[in-house]
Amino acid sequence: MLQSFFLTLYHVFLPISLPVIGGILLKRFKNWDTRSLSTFSLYILSPALIFDTLLHAEITWTDVTGTFWFSIINLIALWALAELLSRIFHLGASEKAGLTLVSTFTNCVNYGLPLVLLAFGQLGLDKASVYVIGQMIIVNTVGIFFAARSEFTVKHAILSVFRMPSIYAAVIAIVLRSTGISLPEALDGGIAMLAAGYSPVVLAILGAQMLRPRGSAEPWQPNVRRAFWTGLVVRLAAAPVLSYLILTALQVEGTLFSVLLILASMPTAVNAVILAEQFNASPQFVSRCILWTTAASMVILPVMIVMSSG
């Protein structure tokens with residue numbers, strides 16, 4: 001067990017840590033502004049990865065249905081848990097919205113996809129693609145509802161989904177795959193090259209986002225400390241346990257079980273703080289949860305990978 005843990009650290013987390021460290025160093029010493037590269041990743045690299053993976057993925061209808069039901073049930077369970085804990089600890093509306101974001105949305109794209117690829121290979125990435133597409137849709141619909149209950153509009157949610165280029169890439173890939181149409185070899189190779197650049201770029205961006213700018217620390221506000229610790233416990237402990245129980249109940253097995261368990265146990269999604277800032281859902285504690293759950297994941301996730309692969 002201990003040997004497997006260190007082997008996982010060496011073969012999976014050491015490669016991941018290099019671009020993350022590079023991003024941290026660039027932010028620390030060069031004050032790296034990641035906005036332009038984030039845009040490039042969102043509109044070019046991410047759609048290329050989704051398109052290339054779905055077009056060539058070895059997935060079955062059982063994988064799709066199992067992933068769908070797991071995503072829905074897991075989302076409802078975590079939302080209910082966040083609601084319950086918010087009432088138990090008497091959190092305000094802002095902290096309640098922030099806790100829901102922290103509990104339900106994970107960094108399954110920027111951090112999860114590179115991790116799954118290194119830990120489970122191309123087969124794992126194939127099975128992860130369906131879950132990731134679903135999460136993109138959920139974050140931009142249900143996520144907006146969680147962040148801004150009173151400001152939520154169905155029109156806003158629908159429009160936000162159709163602004164995501166990865167959705168169009170997924171649709172085109174599915175159409176090509178179902179019709180049996182093949183891309184020209186040169187075009188397919190070019191898209192594959194863009195897809196290969198996704199992991200190091202987004203991991204470097206993640207590293208830069210983890211580094212808090214100097215002088216940016218703010219004093220804790222009322223209820224924020226309580227919400228922060230509650231969010232950490234939910235994301236780091238309750239979420240993996242719930243995911244395990246749901247996957248077991250759905251009789252999901254093999255690589256799909258391991259991939260979904262890891263993706264659902266990832267640290268809090270970076271875009272959670274974007275929603276929190278936009279709709280005043282306690283961004284102070286959401287941003288700190290992102291930092292600390294990401295740091296803690298470097299220890300927790302290797303253990304989970306070893307146990308789920310055993």
Side-chain angles (χ1 to χ4, degrees), residues 9-50 52 98 101-102 105-119 125 132 136 139 163-166 190-220 224 228 231-232 235 266-278 281-302:
L9 282 179
Y10 178 74
H11 290 292
V12 177
F13 282 84
L14 178 59
I16 283 180
S17 68
L18 295 180
V20 172
I21 293 172
I24 292 174
L25 293 175
L26 281 174
K27 183 67 175 179
R28 172 65 178 82
F29 294 105
K30 295 295 184 180
N31 195 27
W32 180 31
D33 186 350
T34 62
R35 285 177 294 182
S36 59
L37 200 55
S38 295
T39 302
F40 178 68
S41 171
L42 176 64
Y43 287 96
I44 303 297
L45 298 184
S46 179
L49 178 69
I50 294 298
D52 185 64
L101 291 174
V102 167
F105 299 123
T106 68
N107 197 353
C108 62
V109 181
N110 292 3
Y111 185 3
L113 287 180
L115 176 64
V116 165
L117 179 60
L118 285 169
L125 184 63
V132 167
M136 287 179 178
V139 167
R163 291 192 188 105
M164 295 189 302
S166 293
I191 294 174
M193 183 175 63
L194 285 172
Y198 173 84
S199 294
V201 170
V202 297
L203 287 171
I205 294 172
L206 176 64
Q209 291 172 335
M210 288 175 62
L211 190 64
R212 184 183 299 273
R214 293 180 180 179
S216 64
E218 301 176 4
W220 289 102
V224 171
F228 170 74
L232 286 188
R235 181 90 315 268
M266 298 298 295
T268 304
V270 173
N271 51 14
V273 76
I274 297 174
L275 290 174
E277 289 174 345
Q278 184 175 356
S282 193
Q284 182 191 35
F285 107 80
V286 172
S287 63
R288 296 192 185 190
C289 278
I290 291 172
L291 173 63
W292 287 104
T293 56
T294 302
S297 71
M298 298 295 179
V299 176
I300 295 174
L301 289 178

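Summarising the geometry of W32 relative to A204, their closest heavy-atom pair is CZ3-O, 3.5 Å, with the distance given to 0.1 Å. Contact record, D52 with A195: CB-CB, 4.1 Å, taken as the closest heavy-atom pair. T106 approaches R235 most closely through the heavy-atom pair CG2-NH1, 3.1 Å. Contact between P114 and L203 at its shortest, heavy atoms only, is CB-CD1, 3.9 Å. For P302 against L9, the heavy-atom pair with the smallest separation is CG-CD2, 3.6 Å. Closest heavy-atom contact between I16 and V20: O-CG2, 3.3 Å.
Interatomic distance, CD1 of I191 versus CG of L49, reported as 11.5 Å (0.5 Å rounding). One finds the CD1 atom of I21 at 12.0 Å from the CG atom of L26 (value rounded to the nearest 0.5 Å). Within the model, atoms CG of L117 and OH of Y198 stand 11.5 Å from one another, a figure rounded to the nearest 0.5 Å. Taken from CZ in R288 to CG in L232, the straight-line distance is 11.5 Å, to the nearest 0.5 Å.
No side-chain heavy atom of W292 sits less than 4.5 Å from a side-chain heavy atom of T268. Within the 4.5 Å cutoff, side-chain heavy atoms of L125 are placed close to those of L113. You'll find the side chain of M266 reaches within 4.5 Å of the side chain of L115, heavy atoms only.
Considering only residues two or more places apart in sequence or on other chains, S297 meets the side-chain hydrogen bond (donor to acceptor under 3.5 Å, both in side chains) condition with Y111. Applying the side-chain hydrogen bond (donor to acceptor under 3.5 Å, both in side chains) rule to S166 yields the partners S46; only residues at least two apart in sequence or on another chain are considered.
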Q: Check step by step if side chain to side chain contact (heavy atoms under 4.5 Å, CB included) holds for F13 and L301.
A: CA-CA 9 Å; F13 282 84; L301 289 178; 3.6 Å; yes
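Between the side chain of S38 and the backbone N or O of T34, at least one donor-acceptor pair lies under 3.5 Å.
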